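Have a look at the structure below, then the notes.
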2 protein chains.
Amino acid sequence: MHRVMVEPRIPLSRDRVLRAAVRIADEQGIAALTMRRLGEVVGAEAMSLYHHVSNKEDVLDGIAEQVIQEINDAVAGLPPQQDWKRAVRERILLALQLLLKHRWAPAVFETRKTTLGAVLRYHDGLIGLMRAGGFSNDLCHHALHALGSRALGFSQELFDTGDDAGAPPDLAELPHLAGMLMEVVHDDPDSTIGWCDDQFEFEFGLDLILDGLEKIK
Amino acid sequence: MHRVMVEPRIPLSRDRVLRAAVRIADEQGIAALTMRRLGEVVGAEAMSLYHHVSNKEDVLDGIAEQVIQEINDAVAGLPPQQDWKRAVRERILLALQLLLKHRWAPAVFETRKTTLGAVLRYHDGLIGLMRAGGFSNDLCHHALHALGSRALGFSQELFDTGDDAGAPPDLAELPHLAGMLMEVVHDDPDSTIGWCDDQFEFEFGLDLILDGLEKIK
DNA sequence: ACCTGAACACCGTTCAAGT
DNA sequence: ACCTGAACACCGTTCAAGT
């Protein structure tokens with residue numbers, strides 16, 4: 001008696017785990033995303049997940065990164081634009097549209113200990129658009145702070161990498177960001193990666209809005 | 001043999017529970033705020049807390065309300081200002097300063113199901129300042145959306161009271177807010193409390209920032 | 001190499017029992 | 001009226017044991 005060939009079960013993988021996690025969060029909310037429920041959905045015990053992700057924080061990092069990468073892929077397909085303002089506007093509105101499919105995402109972004117690589121790539125692209133539009137690196141820096149939560153639906157301070165930053169980002173892949181940081185740090189010896197003058201940036205963004213309102217009034 | 005008079009233990013109360021909860025969150029982070037730890041700090045079993053708060057969500061509502069009330073009390077003491085922009089600016093910067101003592105607060109605000117009464121009172125005050133400065137009710141409405149997370153350090157959409165709104169707010173105590181809503185709803189029959197054109201408001205705030213940047217460039 | 005069951009140290013909350 | 005201990009139904013995670 002021989003055994004029937006059984007379709008080999010698709011083996012678990014980090015990618016399959018993360019995709020399932022995104023689906024759970026989308027459909028049932030982030031609170032429904034537990035390791036046990038995640039195991040159920042991928043057809044394994046919760047404990048098997050730990051062979052593919054290191055822990056639940058890693059799952060949250062992974063699904064956040066996945067959402068932002070989806071945005072990065074989408075904005076990469078936008079047609080070039082000669083007007084910086086149209087380009088930035090279009091890019092941000094597309095990001096918002098995709099973000100609305102994952103309502104849980106901004107809250108998860110905000111709890112990440114370290115800025116995700118995909119977030120840095122997104123901002124690198126924004127800086128590129130503004131530089132092409134004639135912005136100084138300094139103004140790019142203030143602009144990112146001012147856009148704040150509007151850029152990616154959340155307000156985590158950029159560059160506030162916290163105490164236990166993971167692998168340092170590969171600045172070679174982030175030319176605009178690297179250029180901006182080099183200049184901003186150079187101009188202001190007190191400034192380093194991991195520290196911006198938050199009070200100044202807050203007031204800069206606030207005044208941009210208040211001055212704009214005054215003009216409309 | 002008679003018993004020594006014992007200083008009667010200070011009885012538990014909602015206020016005492018909430019104060020202890022704020023202290024835990026301030027000193028050890030919001031993750032350290034568990035019902036068991038809270039019971040420990042007030043010198044009672046965790047289960048005793050349920051005589052004074054209905055559950056943990058109620059604790060979170062309570063500490064969020066407490067922080068915003070602290071802000072409301074502080075801004076009430078600000079001297080009157082004839083220039084609306086100075087008044088709004090000063091008020092928001094004071095709110096930010098107090099908020100920085102409770103770094104956990106914005107995240108808690110964002111998870112509240114229903115807009116807290118203290119938040120409505122804060123915004124009622126802001127509307128009052130802008131009305132006094134000559135803003136139309138319509139512009140006040142857009143301005144609150146544009147300020148968004150800068151007004152109170154978080155970006156919960158105002159008026160999005162969700163499905164299970166609790167007791168409706170007492171509009172008599174919120175004259176400016178009530179006036180604004182009446183007019184905004186009147187002007188736009190599609191608009192109701194609980195629904196704003198989020199896409200429009202997002203673009204309004206975004207354009208305010210982009211136009212402001214262009215002017216600086 | 002990958003998966004599992006049992007177990008551990010936590011949660012929030014209910015409930016019957018105490019004073 | 002207020003407080004409590006034990007218990008319940010969950011968490012994330014560890015670990016020794018299986019294939």
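Since the structure is predicted, the reported quantities are computational estimates derived from the model, not experimental observations. All chains are named by letter (A, B, ...) in the order of the sequence lines, taking the proteins before the strands, and each is independently numbered beginning at 1.
- With a 4.5 Å cut-off on side-chain heavy atoms, A/H176 and A/M130 do not count as touching.
- With A/V53 as the partner, the side chain to side chain contact (heavy atoms under 4.5 Å, CB included) test is satisfied by one option alone out of A/L60, A/L38, A/D61, A/V17: A/V17.
- For B/H51 and D/dC3, a side-chain-to-base donor-acceptor distance below 3.5 Å is present, hydrogens and geometry of angles not being considered.
- Between B/V42 and B/L49 there is a side-chain heavy-atom pair separated by less than 4.5 Å.
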DNA chain C in dot-bracket form (Watson-Crick or G-U pairs under 3.5 Å, [ ] crossing, | inter-strand) is ||.|||||...|||||.||
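- Atom-to-atom, CZ of B/R16 to P of D/dC2 comes out at 13 Å; the value is rounded to the nearest Å.
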Contact list (N/O, under 3.5 angstrom) for nucleotides 12-16 of chain D vs protein:
from, atom 1, to, atom 2, distance (Å)
D/dG12, OP1, A/M35, N, 3.3
D/dG12, OP1, A/K56, NZ, 3.0
D/dG12, OP2, A/M35, N, 3.0
D/dG12, N7, A/R36, NH1, 2.5
D/dG12, O6, A/R36, NH2, 3.0
D/dT13, OP2, A/Y50, OH, 2.8
D/dT13, OP2, A/K56, N, 2.9
D/dT13, O5', A/Y50, OH, 3.4

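- A salt bridge is defined here as a Lys NZ or Arg NE, NH1 or NH2 lying under 4.0 Å from an Asp or Glu carboxylate O, and A/R121 with A/E65 meets this definition.
- Atoms CD (A/E45) and C1' (C/dC3) sit 9 Å apart, rounded to a whole Å.
- Looking at A/D58 and A/R14, a side-chain N of the basic residue comes within less than 4.0 Å of a carboxylate O on the acidic one, giving a salt bridge.
- Under 4.0 Å is where a charged nitrogen must lie from a carboxylate oxygen, and between A/R89 and B/D207 at least one such pair does.
- Rounding to whole angstrom units, CD1 of residue B/I30 and P of C/dC11 are separated by 14 Å.
- A/Y122 places a side-chain heavy atom less than 4.5 Å from the side chain of A/I71.
- Between A/F200 and A/H142, a ring centre-to-centre spacing shorter than 6.0 Å is recorded.
- Regarding contacts with the backbone of C/dC2, every side-chain N or O of A/S48 stays at 4.0 angstrom or more from both OP1 and OP2.
- In this structure, CG of A/L60 is placed 14 Å from C1' of D/dC11, rounded to the nearest angstrom.
- Contact annotation: B/H52 side-chain N/O to D/dC2 OP1/OP2 distance is not under 4.0 Å.
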